[in-house]
Amino acid sequence: MQWLPGPEFQYLAGRENKRNLDRSLKPVLDGNMRVLCVAEKPRAAKHIAEILSQSSFRTQNTGNQYVKNYIFDYTVNQRTASFVMTSVLGHLTDIDFPSTHKNWQSCDPGDLFRSETVEYISEDMKQVAMNLREQVRFADILFIWTDCDREGEGIGGEVVQECRKVKPHIQVWRAHFSAMQPGPIHHAAQNPKTLDECTVQAVMTRRELDLRTGAAFTRLQTLNLRGYVRDEKMVISYVDQYLRRENFVSEEFWKINVAYQETRPNEPPLRTSFNWNRVRSFDRHTCLALYNQCVSHPLATVTNVTRKNVQKWKPLPLATLELQKTGTKSLRMTGEEIMTIAQGLYTEGYISYPRTETDQYDDTFEFMPLIQMQTQHPEWGQHAQGLIDGNFETPRRGSNNDKAHPPIHPTAFTSALTGNQKKVYDFVVRRFLGCCGKNAQGDETVVTISIATETFETKGLVIKQKNYLEVYIYDWWSGRTISDFAQGQQFTPSELTMDTGKTTPPELLTESDLIGKMEQNGIGTDATISDLIKKVLMRQYAFKVSQKFFIPSTLGIALVRGYEDVGLDESLIKPKLHQMTETDLKLICQGVKTKDQVLRESVSRYQQMFAQIVWEFGKLVQAVRRYYDVAEDERRRRGHGRFVGHQDLNTGVGDDGDTTTTTGARGRGRGRGSRGGGTRGRPRG
DNA sequence: GCAAGGTC
């Protein structure tokens, strides 16, 4: 992207100066000046206008149904100016290849690393851009109010570029605000800064790199593997192949089990089982020797009894990803469904904005009116009343703050919702009330016993006060009653056995796990993760079975194996790739590297990989022929495939299951359910 | 058709 830097950017030319740069501007307004403010989204524009004008503004419609202009007077440095507050709708522009390279057959995919790109304003944004151009005609100053994050800076750059088409030399201010609160907003208005050109360039770099690499690898794969997969229209995207699985080899182990059964009058007998401190042994002879000693001297001695207070912490304030993580687990909906419903609840005014990273409440946040509102609810009204009557405790503070929105919380009362809407609303309310409550309290007893040379342990838990658990029903803290043991006490175990089992592979990923992993690896953002997961499923890299678990398709496995064989697994799979790009982007933001430099370096890295893949494409083909199996994928889709290397879902082993089981193990190792001849698919004719 | 980032 090339926009002509205005006068205030000129001293940025030496990027070495960047780190010492004071971005403050001296806001000089002459009488009757006009300021055009542009926010990132309509909500923010309205909110800021309300604050600056103390809700005294005139509203004007634009060519876009969502975007409005808010007109009011505002005083900066004792000078009153006429302000117009408007917004865009996220990014204003995007890039693509020129028509000469758009068609997949039009060029070699490798050309896409070097070909031209063209920037354009999408159809949806045409009216938004037009509004900017119209408004800037009357303006003396362009004041950027986009979100204060990297993409926000980039969007600001796009706005500047569009406005300078009309007024090439208009002065640009940038608002730096820490929260959508009157204090920070007024402060930002009174202390404008400059737009950070380096960050803008970082965003433009990301955009270009994503397009080039995404398109090149995807076209290469799709065009050359198409003949080998059944659905010839299937697009074989190069992304999202991180759904890899470990080679898991099941091992047999042995362990010693001890239990004590207490008979109680008028009650069922109470059985207390103990865990071996060695957990398990992979050597049968060792285990047998230890077991034999226990059997010959079976009298157990209680060597230690410890009692302590334990608490289960209440949850953090609710942010988007947590809503999706916990929501997919507890509500039996997909992340995407949850977000759609949440968006609807927000539009109808029942909950706050559902897309936020913030998991800490502002010091000025007013909890009581919101809690009060919920006291009339049949299910949790009483609990809410309890909070008001003294059980309230300030919510914990998480570590994220997007400085734009508070954590997700209910904003209006309703008990009239049904279906999924009710589920999501209930979740938001219960979470909110849970956050405002106290941690759950319990008494834990740890009993240690010794038999012969061996030590065993058991834990009992009595829940004393459920507190937040009463209303936040999605957390589970189960009490466990054990017999009352005293130190020094001796008893003969009712059970003393040596059992065998096999280590089982890690559980299959749930959507909740997947969201967590993507978050950890920096894949996508809170706004895009649920979308990516949907894409993975749509492209059939994985299936969702039992409405819960994700299993990779044979196609997904084939691609991962194929890239492993080419020797690119480490460098091409998403997380690593992402980190490298991310590091470079930060350097651009710091003024250490330039956009051109990073593009040159990264593109050449990608080109090398690309060349290697082209060179060894046969290995990819082989992998697909070897692993890809239409019939197996069909079984997997229906949830009946061979879940190679994982627990069989149909045995009903829960997701909280131990990592070991004694029910016998199933398949081992890699995805060989489809192993066999090379008769699948058909070679390209 | 392909990417990832916004937002409605």
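Only a predicted model underlies this, so the values are computations on that prediction, with no experimental measurement involved. Just so it is clear: chains get the letters A, B, ... in the order the sequence lines come, proteins before strands, and each one is counted from 1.
- In this structure, D124(A) and A216(A) both approach DNA chain B, and ranking their closest nucleotides by distance from the 5' end singles out A216(A).
- In this model, the phosphate group of dC8(B) is approached by a side-chain N or O of Y353(A) to a distance below 4.0 Å at OP1 or OP2.
- Nucleic acid contact for Q65(A): none, since no nucleic acid atom lies under 4.0 Å from a heavy atom of the residue.
- Minimum interatomic distance between N400(A) and Q360(A) (heavy atoms only, all atoms of both residues): O-CG, 3.5 Å.
- A search for salt bridge (charged side-chain N to carboxylate O under 4.0 Å, His left out) contacts involving K46(A) returns nothing, not counting sequence neighbours.
- Distances shorter than 4.0 Å separate some side-chain N or O of R539(A) from OP1 or OP2 on dA3(B).
- OP1 or OP2 of dT7(B) has not a single side-chain nitrogen or oxygen of R43(A) nearer than 4.0 Å.
- Looking at which nucleotide of DNA chain B each of E40(A) and R219(A) is closest to, the 5′-most match is held by R219(A).
- In this structure, Q221(A) places its CD atom 11 Å from C1' of dC2(B), rounding to the nearest Å.
- With distances taken from any side-chain atom of K102(A) to the nucleotides dC2(B), dT7(B), dC8(B), the minimum falls on dC2(B).
- Across all strands, N64(A) comes closer than 4.0 Å to no nucleic acid atom at all (heavy-atom distances).
- When the P atom of dG5(B) is taken as reference, atom NZ of K535(A) falls 10 Å away, rounded to whole Å.
- The distance from atom CD of E119(A) to atom P of dA4(B) is 19 Å, rounded to the nearest whole Å.
- For the pair T525(A) and dG5(B), the criterion of a side-chain N or O lying under 4.0 Å from OP1 or OP2 is not met.
- Taking every side-chain heavy atom of D94(A) into account, dA4(B) is the closest of dC8(B), dA4(B), dG6(B).
- Comparing dA3(B), dC8(B), dT7(B) against the side chain of M125(A) picks out dC8(B) as the nearest.
- Using a cut-off of 4.0 Å between Lys/Arg side-chain N and Asp/Glu carboxylate O, K41(A) and D147(A) are scored as salt-bridged.
- Close to dC2(B), at under 4.0 Å from its OP1 or OP2, lies no side-chain N or O of T222(A).
- Comparing dG5(B), dT7(B), dC2(B) by their nearest atom to the side chain of E151(A) picks out dG5(B).
- Residue R355(A) is classed as a base contact, given a heavy-atom separation below 4.0 Å to a base.
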**Prompt:** Checking side-chain contact (heavy atoms from CB on, under 4.5 Å) for the pair I170(A)/R164(A): CA distance, chi angles, key distance, verdict?
**Reply:** CA-CA 7 Å; I170(A) 190 167; R164(A) 285 202 165 141; 4.3 Å; yes

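- Across all strands shown, I95(A) has heavy atoms under 4.0 Å from base atoms, whether or not it also approaches the sugar-phosphate.
- Distance F97(A) CZ to dC2(B) C1': 8 Å, rounded to the nearest Å.
- Counting any heavy atom pair closer than 4.0 Å across all strands shown, L211(A) reaches a base atom.
- Residue pairs that meet the ring-ring contact (aromatic ring centres under 6.0 Å, His included) test with at least one member in residues 105-124 of chain A, sequence neighbours left out, are F113(A)-F610(A).
- Following rounding to the nearest Å, D531(A) (CG) and dA3(B) (P) show an atom-to-atom distance of 11 Å.
- Listed candidates were dG6(B), dG5(B), dC2(B). Nearest to the side chain of A215(A) is dC2(B).
- Nucleotide dC2(B) holds its C1' atom 15 Å from the CG atom of L559(A), rounded to whole Å.
- R174(A) and D196(A) are not joined by a salt bridge, as no carboxylate oxygen comes within less than 4.0 angstrom of a charged side-chain nitrogen.
- The side chain of H91(A) lies closest to dG5(B) when the candidates are dG5(B), dC2(B), dA3(B).
- For the pair Y120(A) OH and dG5(B) P, the interatomic distance rounds to 16 Å; values are reported in whole Å.
- Taking atom CD on Q343(A) and atom P on dT7(B), their separation rounds to 10 Å, with Å as the unit.
- In this structure, P109(A) reaches neither bases nor backbone, as no heavy-atom distance under 4.0 Å exists between it and the strands shown.
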